[in-house]
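Note that ligands are numbered from 1 as they come in the structure, with each ligand's atoms numbered from 1 the same way. Every value quoted in this text rests on a predicted model; they were computed, and no experiment measured them.
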Amino acid sequence: MSKHKYETMGQQFGRRSWAEPWKVKMVEPIKMISRAEREKAAEEAGYNTFLLRSEDVYIDLLTDSGTSAMSDRQWAGIMLGDEAYAGSRNFYNLENAVQQYYGYQFIVPTHQGRGAEHLISQALIEKGDYIPGNMYFTTTRLHQELAGGTFVDVIIDEAHDPQDQHPFKGNVDLDKLQALIDKIGADKIPYVSLAGTVNMAGGQPVSMANVRALRKLCDKYGILIYLDATRMYENAFFIQEREEGFADKTVAEILKEFCSYTDGAWMSAKKDNLVNIGGWLATNQEEVAEQARNLVVVYEGLHTYGGMAGRDMEALAIGIAEGVEDDQIAARVGQVRYLGELLLAWDIPIMEPIGGHAIFLDARRFYPHIPQDQFPAQTLAAQLYIDSGVRSMERGVVSAGRDPETGDHRYPALELTRLTIPRRVYTQAHMDVVAESVKAVFDLREQTKGLEMIYEPAYLRFFQARFKML
Ligand SMILES: Cc1ncc(COP(=O)(O)O)c(C=O)c1O
């Protein structure tokens with residue numbers, strides 16, 4: 001199948017970049033409340049966009065997690081739910097879909113991604129282990145730490161520079177990994193935690209060459225590779241677009257080859273797989289599958305539902321096949337790119353190259369006068385909401401949390417505000433509104449002040465922390 005298959009009519013005639021490969025069948029009304037109401041709502045939410053009521057939000061770009069619009073086929077699948085406690089036929093459909101598209105042998109369903117992270121961390125990590133990975137993700141690292149491990153970032157340096165144009169900023173730096181192996185010994189490294197399109201680095205992909213080389217290095221030392229497959233469809237799309245030798249392969253073919261270099265994966269199905277809830281753990285290792293099945297009955301549910309209803313597993317099985325279609329994924333990344341290119345045209349600082357699932361505003365360059373301990377990215381998210389009711393999310397010092405040893409804030413190089421685009425939900429007109437609002441907030445940047453944190457929860461503080469304006 002050639003990639004020309006998903007060219008729109010416009011592209012075929014060289015007219016415009018893309019159009020959505022779907023039409024709207026059902027609508028959900030949204031409304032914008034007044035500025036005074038937004039100011040009140042923001043204050044009541046402690047200037048944390050996670051604490052806003054969604055009714056007070058106009059365009060919700062908090063996350064692409066569980067916010068996708070399901071298709072008519074997925075909704076039809078919901079009616080085919082087999083709600084038997086054990087052995088639901090929907091589980092077998094899900095198992096078949098993961099085997100077919102990702103290529104793994106054993107599948108354990110979970111309620112969402114972090115359920116699978118919990119299982120794999122408990123199954124593979126022993127106290128005192130080190131888990132190298134291509135940049136941390138909040139819940140992933142926390143489960144690794146709770147299992148007694150220490151996460152070590154081995155992503156290439158370019159990933160920490162928001163302006164570097166490297167096409168595969170998600171790549172693992174094999175020299176950093178080798179140095180870690182030399183320092184602590186391979187027996188203290190149960191697996192490499194590899195993520196496709198690295199969320200915290202701005203949705204940046206890993207190349208096929210990099211995963212192949214990583215496999216070679218890990219094989220030399222008997223180290224496993226487990227993949228965070230949450231946004232691997234987008235990663236496969238970037239490989240098709242940017243890496244030599246893949247232009248004529250489908251996203252599905254690229255996905256399967258990439259996964260073949262790994263021993264298993266965990267998945268937040270709420271992203272690429274186009275469902276509102278769900279996740280899975282997959283592995284080619286029978287003993288890991290057995291451990292995961294033992295654990296899943298304690299923490300999630302029986303091993304043939306893992307916290308999902310039968311109907312949810314059916315929608316997920318259908319979503320796995322739909323999400324990986326070339327036209328779907330090209331339009332998804334194309335919409336993100338449309339928003340990013342508008343902002344770049346106005347010289348608004350964003351993380352580049354434009355990633356797969358979101359535009360990351362570079363809050364350091366946006367608000368150079370606000371020090372990191374006054375939370376510039378959190379400030380920007382609050383200001384955007386007040387301006388237009390657009391909800392975004394902080395991905396900077398608040399998300400990074402505190403160092404468990406020193407108790408001090410972790411100060412990440414990247415201080416970003418994420419505008420995350422749900423799949424199949426908003427139109428190009430919504431993107432225009434968002435871009436103009438960012439521009440309006442940018443124009444007022446010099447008079448904007450930072451925030452002070454007045455409540456800090458013990459875990460994953462970005463979800464529930466509260467702030468006041470300085
Ligand atoms: C890269 C990545 N991994 C794991 C997760 C955790 O998945 P969930 O939110 O479904 O628990 C997420 C969700 O935000 C994610 O973006």
Could you identify the single nearest non-hydrogen protein atom to [atom] and state the distance to 0.1 Å?
atom                    : result
atom 14 (O) of ligand 1 : K271 NZ, 2.8 Å
atom 10 (O) of ligand 1 : S268 OG, 2.6 Å
atom 5 (C) of ligand 1  : F137 CE2, 3.5 Å
atom 8 (P) of ligand 1  : Q112 NE2, 3.2 Å
atom 4 (C) of ligand 1  : E117 OE2, 3.1 Å
atom 6 (C) of ligand 1  : T139 OG1, 3.5 Å

- Quick one: does M200 get within less than 4.0 Å of ligand 1, heavy atoms only?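 Flag not set, M200 not near ligand 1.
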- Query: Distance under 6.0 Å and angle within 45° of the ring axis: does R141 meet both against Y136?
  - Reply: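 Geometry flag: set, cation within 6.0 Å and 45°.
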- Item | Lys/Arg cation over aromatic F462: R395, 6.0 Å, 45° cone |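 Judged by the rule, R395 and F462 form a cation-pi pair.
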- Task: Check each heavy atom of K270 against ligand 1 and say whether those closer than 4.0 Å belong to the side chain, the backbone, both or neither.
- Result: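 Side chain only; the backbone of K270 stays clear of ligand 1.
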- Worked check of side chain to side chain contact (heavy atoms under 4.5 Å, CB included) between F168 and V206: CA-CA 5 Å; F168 291 102; V206 178; 5.8 Å; no
- Under 6.0 Å between ring centres, would you say that holds for Y85 and Y305?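 Yes - the distance between ring centres of Y85 and Y305 falls below the 6.0 Å cut-off.
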- Task: Take atom CD of E83 as the centre, draw a 6.0 Å sphere, and report whether it contains more than 12 heavy atoms from other residues, nucleotides or ligands.
- Result: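 Atom CD in E83 is crowded, with more than 12 foreign heavy atoms closer than 6.0 Å.
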- Task: Using a cut-off of 6.0 Å, state whether more than 12 heavy atoms not belonging to Y459 lie near its atom OH.
- Result: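 Counting neighbours around OH of Y459, 12 or fewer heavy atoms of other residues, nucleotides or ligands fall under 6.0 Å, so no.
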- Nearest candidate to atom 2 (C) of ligand 1, where distance is taken over non-hydrogen atoms, out of T420, T110, N199, D228: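 Comparing heavy atoms across T420, T110, N199, D228, the nearest one to atom 2 (C) of ligand 1 lies in D228.
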- Item | Residue R114 vicinity, atoms of ligand 1 by number, heavy atom under 4.0 Å |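 Listed by number with element: 7 (O), 8 (P), 9 (O), 11 (O).
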- Could you tell me how the ring of Y102 sits relative to the ring of Y233: parallel (under 30°), tilted (30 to 60°) or perpendicular (over 60°)?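 The rings of Y102 and Y233 lie parallel, inter-plane angle below 30°.
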- Message: I'd like to know whether Q105 forms a side chain to side chain contact (heavy atoms under 4.5 Å, CB included) with T283, so could you lay out the CA-CA distance, the side-chain angles of the two residues, the decisive distance to 0.1 Å, and finally the verdict.
- Response: CA-CA 6 Å; Q105 217 179 328; T283 176; over 6 Å; no
- Is there any N or O on G113 that sits under 3.5 Å from an N or O of ligand 1?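 Yes - when backbone and side-chain N and O of G113 are compared with those of ligand 1, one distance drops under 3.5 Å.
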